[in-house]
K.L.:
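What follows is a single structure, and I will ask about it in a moment.
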There are 2 protein chains.
Amino acid sequence: MPVWGCGVSPRAGLDREAVVEAAASLVDEEGLDGLTVGRLAERLGVRAPSLYNHIAGLEELKRAVAVLGVERLAGSLMRAAVGKSGEQAVFAIADAYRAFAREHPDLYAATLRAPEPGDGRYSSAAGEILEVVGAALEPYRLGSEDRLDAVRGLRSLCHGFVSLELCGGFGMPREVDRSFEQAVRTYLTGLACAGGESGVGKSD
Amino acid sequence: MPVWGCGVSPRAGLDREAVVEAAASLVDEEGLDGLTVGRLAERLGVRAPSLYNHIAGLEELKRAVAVLGVERLAGSLMRAAVGKSGEQAVFAIADAYRAFAREHPDLYAATLRAPEPGDGRYSSAAGEILEVVGAALEPYRLGSEDRLDAVRGLRSLCHGFVSLELCGGFGMPREVDRSFEQAVRTYLTGLACAGGESGVGKSD
DNA sequence: GTTTAAAACTACCTATATTAGTTTGTCAAC
DNA sequence: GTTGACAAACTAATATAGGTAGTTTTAAAC
């Protein structure tokens, strides 16, 4: 089977996977708005309309890039968590989450796009993330509902922090590392302390 | 010398404020991508190029809409928190935050755009949010650094949860209310425990 | 070789943002 | 009142981008 190199042959040998990967690279390098059909085609050595043989349109392509981003994020988190558990695992996951978003800010931003309902690859990647965080929380011995809540809470905390950080929502960048660690620690402390309700300020 | 920049225009009563407000309405009704110069102009009873007398371009307009969204969000949070403090205030703020995002999902999404550095109105609205959350945390008696961390953590938690919820990041909608309340409660418990009440879960 | 399906092409259309240059209405000074 | 200044709005036109239609080319199967 002849396998052509990229861009030289009259037949470029593109397929959907290659197009989506190139789109992800383009997003990573030039931002989400830098992803245009024309530029992507140029980078792939092809005319713009040719891409429509592989993708349904720009919107669908962006969704595909989002799915790819979630898959890569899930991979990062899993690699970070392997061989760890409990607090150590949670911190490792949280740091990996933030590191991914900082290294690939535009790809991460692309990730936020709502997926098509019923997208198997998205569901699968999202499920992996839930699973790895859930596993890290194992030592906390939470019931299944509490565990779901905790996974959602942690994911929200990480995503929210990182997202606000990328948008410049926090002022001074120097203290942000500390704030992130502290936020995760506070949440974990809350998990560990659950049961004894705080009641702070309840007298009003 | 004629001074008609403040609210009274010679011809059709259009000024920057009106344009931005109409843009926000359009975003609210038809989504961020539904905001085009042409449609906005049509809605204002004017031709598209006329808008350039009031705004610098679409990007700048979107940033202005973002600022307006943050201002309205800040207003909602302040109204929710008035007369409350401590845990009760935090829950009220968190619920108001989520309610705003659910009632105005596209305006909320527009809010995430990074503002121009040095935008006074944005800084002012962002400062109001920090202030109202910080005031709610008063009974927790945190030091100034811990307080900043806590404000950032809570804001991250709320934003992250709401953002993921809007993106369909969570599966079953029935349990989401509970998860949100639980996430906020867990974080508050973490604040209370770390603040010196019991010290449970703190590793050092 | 012939056939076939996909991949890529050219040509074209539409929508949108934006600019250039012109006209028009309102206000204030004369 | 007349007039002049100036912002507001207009018409016309340009550039870019997404997307479609229909045609050609190529790799590979028969």
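Per chain, numbering begins at 1; letters A, B, ... match sequence-line order. Computed from a predicted model, the values in this text were never measured in an experiment.
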K.L.:
What's the CD-P distance between A:Glu59 and D:dG19, to the nearest Å?
P.N.:
8 Å
K.L.:
Hey, which of B:Phe161, B:Phe91, B:Tyr187 is the one that makes ring pair (Phe, Tyr, Trp, His ring centres under 6.0 Å) with B:Phe180?
P.N.:
B:Phe161
K.L.:
When the distance from CG of B:Leu58 to P of C:dA17 is rounded to whole Å, what number comes out?
P.N.:
5 Å
K.L.:
Any ion pair linking A:Glu17 and A:Arg121 (charged N to carboxylate O, less than 4.0 Å)?
P.N.:
yes
K.L.:
Please give, in whole Å, the distance from C:dT24 P to B:Leu14 CG?
P.N.:
20 Å
K.L.:
For A:Glu59, what residues pass the side-chain hydrogen bond (donor to acceptor under 3.5 Å, both in side chains) criterion, not counting sequence neighbours?
P.N.:
A:Arg113
K.L.:
A:Glu42 CD to D:dT16 C1': how many Å, rounded?
P.N.:
14 Å
K.L.:
Could you tell me whether the side chain of B:His104 reaches within less than 4.5 Å of the side chain of B:Leu73, counting heavy atoms only?
P.N.:
no
K.L.:
Which pairs, with at least one residue in residues 39-70 of chain A and sequence neighbours excluded, count as a ring pair (Phe, Tyr, Trp, His ring centres under 6.0 Å)?
P.N.:
none
K.L.:
Please report, rounded to the nearest Å, how far the P atom of D:dG18 is from the CG atom of B:Asp33.
P.N.:
13 Å
K.L.:
If I take atom CG in residue A:Leu35 and atom C1' in nucleotide D:dA17, what distance separates them, rounded to the nearest angstrom?
P.N.:
12 Å
K.L.:
From A:Glu21 CD over to A:Leu26 CG, what is the distance, rounded to the nearest 0.5 angstrom?
P.N.:
13.5 Å
K.L.:
Side-chain N or O of A:His54 versus OP1/OP2 of C:dA8: is the shortest distance under 4.0 Å?
P.N.:
yes
K.L.:
For A:Arg147 and A:Tyr140, test the side chains for any donor-to-acceptor distance below 3.5 angstrom and give the result as yes or no.
P.N.:
no
K.L.:
Among C:dA8, D:dA17, D:dA9, find the nucleotide with the atom closest to the side chain of B:Val46.
P.N.:
D:dA9
K.L.:
Detail all sub-3.5 Å separations between protein N/O atoms and N/O atoms belonging to nucleotides 11-15 of chain D.
P.N.:
| from | atom 1 | to | atom 2 | distance (Å) |
| --- | --- | --- | --- | --- |
| D:dT11 | OP2 | B:Arg47 | NE | 3.1 |

K.L.:
Send over the distance from B:Leu40 CG to C:dT16 P, rounded to a whole Å.
P.N.:
13 Å
K.L.:
May I ask you to verify whether the side chain of B:Asn53 and the base of D:dA7 hold a donor-acceptor pair under 3.5 Å?
P.N.:
no
K.L.:
May I have the distance from B:Ile55 (atom CD1) to C:dT18 (atom P), rounded to whole angstrom?
P.N.:
8 Å
